[in-house]
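As the structure is a prediction and not an experimental result, all values here were calculated from the model.
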Amino acid sequence: MDNDRLISAYIGEKESLEKSKKTLNWYKDSFEKGDLSGGFSWKWSWWAFFGNWLYLLYRKCYLEGISYFLLVHILGAVANKYMPNIGEMVGGASLFIGLLSGGLLHNLIYRRFLKSKTIIENKSVFKEEMESKMKSIGGTDKRAVIIGIVIYIITNTVFSL
């Protein structure tokens with residue numbers, strides 16, 4: 001099956017809308033860079049820069065998004081609570097982490113795409129079914145973002161007490 005069609009199905013964007021077409025082309029370019037560089041490349045995303053772990057949840061990379069949240073936010077909150085002087089460095093560290101996220105998080109989406117594609121191909125699924133399977137595995141999940149924001153607010157409230 002055509003790789004562009006699988007990417008389109010996995011990303012969940014429709015080629016008919018201009019914004020969706022731009023998003024789809026961004027991911028196609030990103031995945032092509034990943035193919036050329038062995039799975040690790042730099043491609044800027046404002047969504048990943050500002051959204052970080054929410055971006056991963058939106059793209060259904062739940063384990064990666066939750067891990068990112070736990071690593072950055074909970075450890076940061078605990079360190080800030082028990083080491084008050086560390087708060088002075090948090091701004092610079094947050095900017096650095098945001099810059100890395102903005103350029104590199106798409107690699108996790110690409111790796112998940114490859115893993116999903118391999119699993120589907122190994123199940124000997126008909127080529128017609130591959131596209132629908134990629135649609136169901138990939139796409140976006142706005143509910144996960146909302147749940148993530150609620151958990152973020154609750155976590156920050158608990159750690160600020």
Side-chain angles (χ1 to χ4, degrees), residues 1-77 93-153 155-156:
M1 171 159 267
D2 180 25
N3 204 40
D4 280 355
R5 287 185 63 182
L6 287 178
I7 292 171
S8 181
Y10 181 78
I11 295 303
E13 301 291 338
K14 298 178 181 41
E15 292 191 26
S16 58
L17 303 171
E18 190 60 36
K19 185 180 179 206
S20 292
K21 190 174 185 179
K22 186 177 177 182
T23 301
L24 184 58
N25 287 336
W26 188 92
Y27 278 101
K28 284 179 181 178
D29 183 52
S30 169
F31 289 8
E32 185 179 312
K33 283 184 176 184
D35 284 339
L36 295 174
S37 66
F40 192 78
S41 64
W42 180 274
K43 178 115 172 110
W44 186 256
S45 166
W46 286 105
W47 190 176
F49 173 73
F50 287 112
N52 309 110
W53 57 279
L54 292 172
Y55 167 74
L56 293 171
L57 293 179
Y58 178 72
R59 283 286 162 197
K60 293 186 175 180
C61 292
Y62 303 119
L63 181 61
E64 295 88 342
I66 292 167
S67 300
Y68 189 107
F69 174 80
L70 292 173
L71 183 68
V72 174
H73 293 286
I74 293 189
L75 290 177
S94 294
L95 178 62
F96 179 72
I97 290 169
L99 289 171
L100 288 178
S101 298
L104 298 175
L105 282 184
H106 70 93
N107 289 302
L108 296 175
I109 313 296
Y110 173 66
R111 288 176 187 265
R112 189 167 181 273
F113 165 76
L114 289 179
K115 182 179 176 185
S116 301
K117 182 180 168 188
T118 303
I119 289 170
I120 290 171
E121 287 173 342
N122 288 341
K123 287 184 177 180
S124 300
V125 176
F126 294 114
K127 292 190 185 246
E128 299 82 30
E129 291 179 26
M130 280 186 76
E131 196 171 341
S132 66
K133 294 277 188 190
M134 289 300 274
K135 279 183 183 179
S136 67
I137 293 172
T140 59
D141 188 356
K142 293 176 185 172
R143 287 177 293 174
V145 174
I146 294 168
I147 292 168
I149 291 170
V150 169
I151 290 172
Y152 175 76
I153 291 168
T155 304
N156 280 345

Report yes if the side chains of [X] and [Y] come closer than 4.5 Å at any heavy-atom pair, otherwise no.
{"X": "W47", "Y": "L105", "value": "no"}
{"X": "Y55", "Y": "L108", "value": "no"}
{"X": "Y10", "Y": "R112", "value": "yes"}
{"X": "D141", "Y": "Y58", "value": "no"}
{"X": "L54", "Y": "L57", "value": "yes"}
{"X": "L56", "Y": "I109", "value": "yes"}

| query | Once the angle between the rings of F50 and W46 is folded into 0 to 90°, is it parallel (under 30°), tilted (30 to 60°) or perpendicular (over 60°)? | reply |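 The arrangement is parallel - the two ring planes meet at less than 30°.
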| query | According to the interplanar angle, ranging from 0 to 90°, do the rings of Y152 and F69 count as parallel (below 30°), tilted (30 to 60°) or perpendicular (above 60°)? | reply |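 It falls in the perpendicular class, over 60°.
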For [X] and [Y], which heavy atoms make the closest approach, and how far apart are they?
{"X": "F113", "Y": "N3", "value": "CZ-OD1, 3.8 Å"}
{"X": "N52", "Y": "Y68", "value": "ND2-OH, 3.1 Å"}
{"X": "L6", "Y": "K117", "value": "CD1-CE, 4.0 Å"}
{"X": "I11", "Y": "R59", "value": "O-NH1, 2.7 Å"}
{"X": "I149", "Y": "W53", "value": "N-CH2, 4.3 Å"}
{"X": "G98", "Y": "F49", "value": "O-CD1, 3.0 Å"}

| field | Any side-chain donor near an acceptor of the partner, H106 and S45, under 3.5 Å | value |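 Judged by distance alone, the side chains do not pair up.
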Between [atom1] of [X] and [atom2] of [Y], what distance do you get to the nearest 0.5 Å?
{"X": "L104", "Y": "L99", "atom1": "CG", "atom2": "CG", "value": "10.0 Å"}
{"X": "W44", "Y": "S101", "atom1": "CH2", "atom2": "OG", "value": "8.5 Å"}
{"X": "S37", "Y": "E32", "atom1": "OG", "atom2": "CD", "value": "10.5 Å"}
{"X": "M130", "Y": "K123", "atom1": "CE", "atom2": "NZ", "value": "12.0 Å"}
{"X": "E64", "Y": "R111", "atom1": "CD", "atom2": "CZ", "value": "10.5 Å"}

Can you check whether [Y]'s main-chain N or O pairs, donor with acceptor, with [X]'s side chain at less than 3.5 Å?
{"X": "N122", "Y": "T118", "result": "yes"}
{"X": "S30", "Y": "W26", "result": "no"}
{"X": "S8", "Y": "D4", "result": "no"}

| request: Test side-chain contact (heavy atoms from CB on, under 4.5 Å) on I120 and I137 and set out the steps. | output: CA-CA 10 Å; I120 290 171; I137 293 172; 3.6 Å; yes
| query | Heavy-atom count around K60 NZ within 6.0 Å, excluding the residue itself: above 12? | reply |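 Enclosed: over 12 neighbouring heavy atoms sit under 6.0 Å from NZ of K60.
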